[in-house]
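For the numbers below, each heavy atom of this structure counts, side chains included, while hydrogens, waters and symmetry mates do not. Predicted model only: the values in this text are computed from it and were never measured. Order of appearance sets the numbers: ligands from 1, and atoms from 1 within every ligand. Quick note: residue numbers are just sequence positions, from 1.
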Amino acid sequence: MNSKQVVLITGSSTGFGRLFTETLARKGHTVFATMRDPGGRNAKNASEIRALAAKDSLPIHVLELDVTNDASVERAADAAVAKAGRVDVAINNAGYYLSGLEEAVTTEQAQRLMDTNFFGPVRVNRAVLPHMRRQRSGVLMHISSGAGRVVLPSGGFYCASKFALEALAEAYSYELASQGIESVIVQPGNYETPVFGNTVKAADEARTNTYGAVKEIPAKLNAALSSTAGNAQDVADAVLRIIETPAGEKQLRYLVSPQTFGVDQINALSRQVQGKLLEAFGVADDTKFRKGKAVASV
Ligand SMILES: NC(=O)c1ccc[n+]([C@@H]2O[C@H](COP(=O)([O-])OP(=O)(O)OC[C@H]3O[C@@H](n4cnc5c(N)ncnc54)[C@H](OP(=O)(O)O)[C@@H]3O)[C@@H](O)[C@H]2O)c1
């Protein structure tokens, strides 16, 4: 793989995705900064990114990509490959937080959350993998959360979406390693981005109002989270380091957080348990990373 990589990022309009875009491009990586509706709701964000790229001669291309739409995802992946000839890294970053007592979250709200936070990466990975498998190299990166390992009351559906994402990303890491493709999980703690302003609230207030003191939990948690948020550039710097780590040397999980809350311990124990499990089922060797030559038959 070239040291300068071709990176497709979802949710690049704001927050982490925007910072990843600029941080990686400033190091010479070609970035496809994707976002939904760059001609409408994200027109200002798209034009700011294009202006930055023009001013500082950065290799950034803005593309439309709505992670909830199969055709939009496939179009963006194909456009990136048509332009750059390959895609080395896909960063599954688009996502949002849903706050509220679980009983007050409607089925439609829960489905919409999963469609973005979980099925979005399902779509993106399926769109880029045929290209990566032909290359016999690539990185699927998943922006999970500490909440992909621990559970917050009033964040149950968000945690479920990130737990699901972690399971998928881990299974991918086992299945793709022998083809020279890595799947990695980034678990940010609590960082200052527009995520708090973009939080969706559980819709069924009538049910929330029957919970007595417990109904104050979402507000307490949101206040605690927004008052302790770290500098989001730390996460972008970590993503750059991960991407620049040689193929085959990356970890499965990276916790990037001012406070660990024991997530590091869960990761360490899980690594041991999973290792034993793969041995016990006789598949440990099949899940080892191997650098491969590109094949045309995939
Ligand atoms: N900030 C934190 O403390 C923190 C901690 C752990 C994990 N995370 C995760 O980090 C990721 C980025 O969040 P952020 O903190 O940077 O917040 P953010 O600024 O709100 O960014 C979320 C991004 O996702 C995009 N998005 C939402 N739905 C989409 C869709 N259907 N298709 C394409 N893009 C879509 C948003 O685009 P629009 O502008 O179009 O809405 C926005 O660009 C999320 O997955 C979040 O769960 C954040």
Side-chain angles (χ1 to χ4, degrees), residues 8-23 32-46 48-49 62-73 75-77 90-99 109 111-124 127 141-150 152 155 157-166 169 185-200 221-222 224-236 238-239 253-261 263:
L8 182 145
I9 306 174
T10 66
S12 305
S13 55
T14 57
F16 288 153
R18 179 90 166 249
L19 286 174
F20 299 165
T21 296
E22 184 171 347
T23 303
F32 289 93
T34 76
M35 63 189 69
R36 57 181 167 177
D37 204 7
R41 61 177 281 148
N42 277 318
K44 185 168 174 285
N45 294 319
E48 284 169 3
I49 293 171
V62 175
L63 289 177
E64 188 274 338
L65 190 160
D66 180 338
V67 299
T68 64
N69 181 313
D70 286 15
S72 163
V73 172
R75 238 185 349 259
I91 306 184
N92 285 294
N93 167 71
Y96 67 92
Y97 191 70
L98 173 53
S99 166
Q109 285 186 306
Q111 285 174 334
R112 209 176 301 147
L113 182 79
M114 291 302 285
D115 203 20
T116 301
N117 292 10
F118 176 69
F119 289 105
V122 170
R123 293 184 182 93
V124 170
M141 181 178 281
H142 305 85
I143 305 302
S144 174
S145 169
R149 284 301 213 186
V150 293
L152 303 171
F157 284 97
Y158 178 77
C159 294
S161 73
K162 296 296 190 183
F163 271 61
L165 180 64
E166 295 234 358
I185 297 165
V186 179
Q187 300 168 319
N190 180 23
Y191 286 93
E192 205 172 318
T193 69
V195 74
F196 300 109
N198 291 335
T199 294
V200 171
L221 271 176
N222 293 342
L225 287 171
S226 51
S227 66
T228 57
N231 180 352
Q233 184 61 43
D234 293 350
V235 181
V239 163
R253 286 188 170 79
Y254 294 87
L255 174 64
V256 186
S257 184
Q259 296 155 285
T260 65
F261 297 114
V263 173

Which option out of Asn93, Ile143, Val235 puts a heavy atom nearest to atom 44 (C) of ligand 1? Asn93
Would you mind checking which non-hydrogen protein atom is closest to atom 21 (O) of ligand 1, with the distance to 0.1 Å? Thr14 OG1, 3.5 Å
Per the side-chain hydrogen bond (donor to acceptor under 3.5 Å, both in side chains) rule, which among Asp115, Thr116, Asn117 passes with Ser161? Asn117
Backbone or side chain, does any N or O of Val67 fall under 3.5 Å from an N or O of ligand 1? yes
Just which atoms of ligand 1 are under 4.0 Å from any heavy atom in Leu65? 32 (N), 33 (C)
Among Tyr191, Tyr97, Tyr158, Phe119, the residue with a heavy atom nearest to atom 9 (C) of ligand 1 is Tyr158
Thr193-ligand 1 polar pair, N/O distance under 3.5 Å: yes
Using a strict cut-off of less than 4.0 Å between a Lys/Arg side-chain nitrogen and an Asp/Glu carboxylate oxygen, indicate whether Lys44 and Glu48 qualify as a salt bridge. yes
Looking at ligand 1, does any of its N/O atoms fall within less than 3.5 Å of an N/O of Gly17? no
List ligand 1 atoms under 4.0 Å from Thr116, heavy atoms only on the residue side. 28 (N)
Tell me the contacting part of Ser144 for ligand 1: side chain, backbone, both, or neither, using a 4.0 Å heavy-atom threshold, strictly below. backbone
Judged by atom type as modelled, is there a donor-acceptor pair below 3.5 Å linking the side chain of Arg36 to the main-chain atoms of Leu65? no
With distance as the sole test, does Asn190 use its side chain to make a donor-acceptor pair with the main-chain N or O of Leu225 at under 3.5 Å? yes
Taking Arg123 for its side chain and Val67 for its backbone only, find out whether a donor-acceptor pair lies under 3.5 Å. yes
Scan Gln187, Glu166, Lys162 and name whichever one has a side-chain hydrogen bond (donor to acceptor under 3.5 Å, both in side chains) with Ser144. Glu166
Contact check, Asn117 vs ligand 1, heavy-atom distance below 4.0 Å: no
For the pair Asn93 (side chain) and Gly11 (backbone), establish whether a donor and an acceptor sit closer than 3.5 Å, ignoring hydrogens and angles. yes
Short N/O distance, under 3.5 Å, between Met35 and ligand 1? no
Would you tell me which option among Gly15, Ala94, Gly95, Gly11 has the nearest heavy-atom contact to atom 22 (C) of ligand 1? Gly95
In ligand 1, which numbered atoms sit nearer than 4.0 Å to a non-hydrogen atom of Thr68? 31 (N)
Tell me whether ligand 1 is touched by Gly197 - counting only heavy atoms on the residue side and a distance under 4.0 Å. no
Under 4.0 angstrom from ligand 1, any heavy atom of Gly146? no
For atom 28 (N) of ligand 1, the option (of Arg18, Arg123, Gln187, Arg36) bearing the nearest heavy atom: Arg36
I'd like to know if Lys162 contacts ligand 1, where contact means a heavy-atom distance under 4.0 Å to any ligand atom. yes
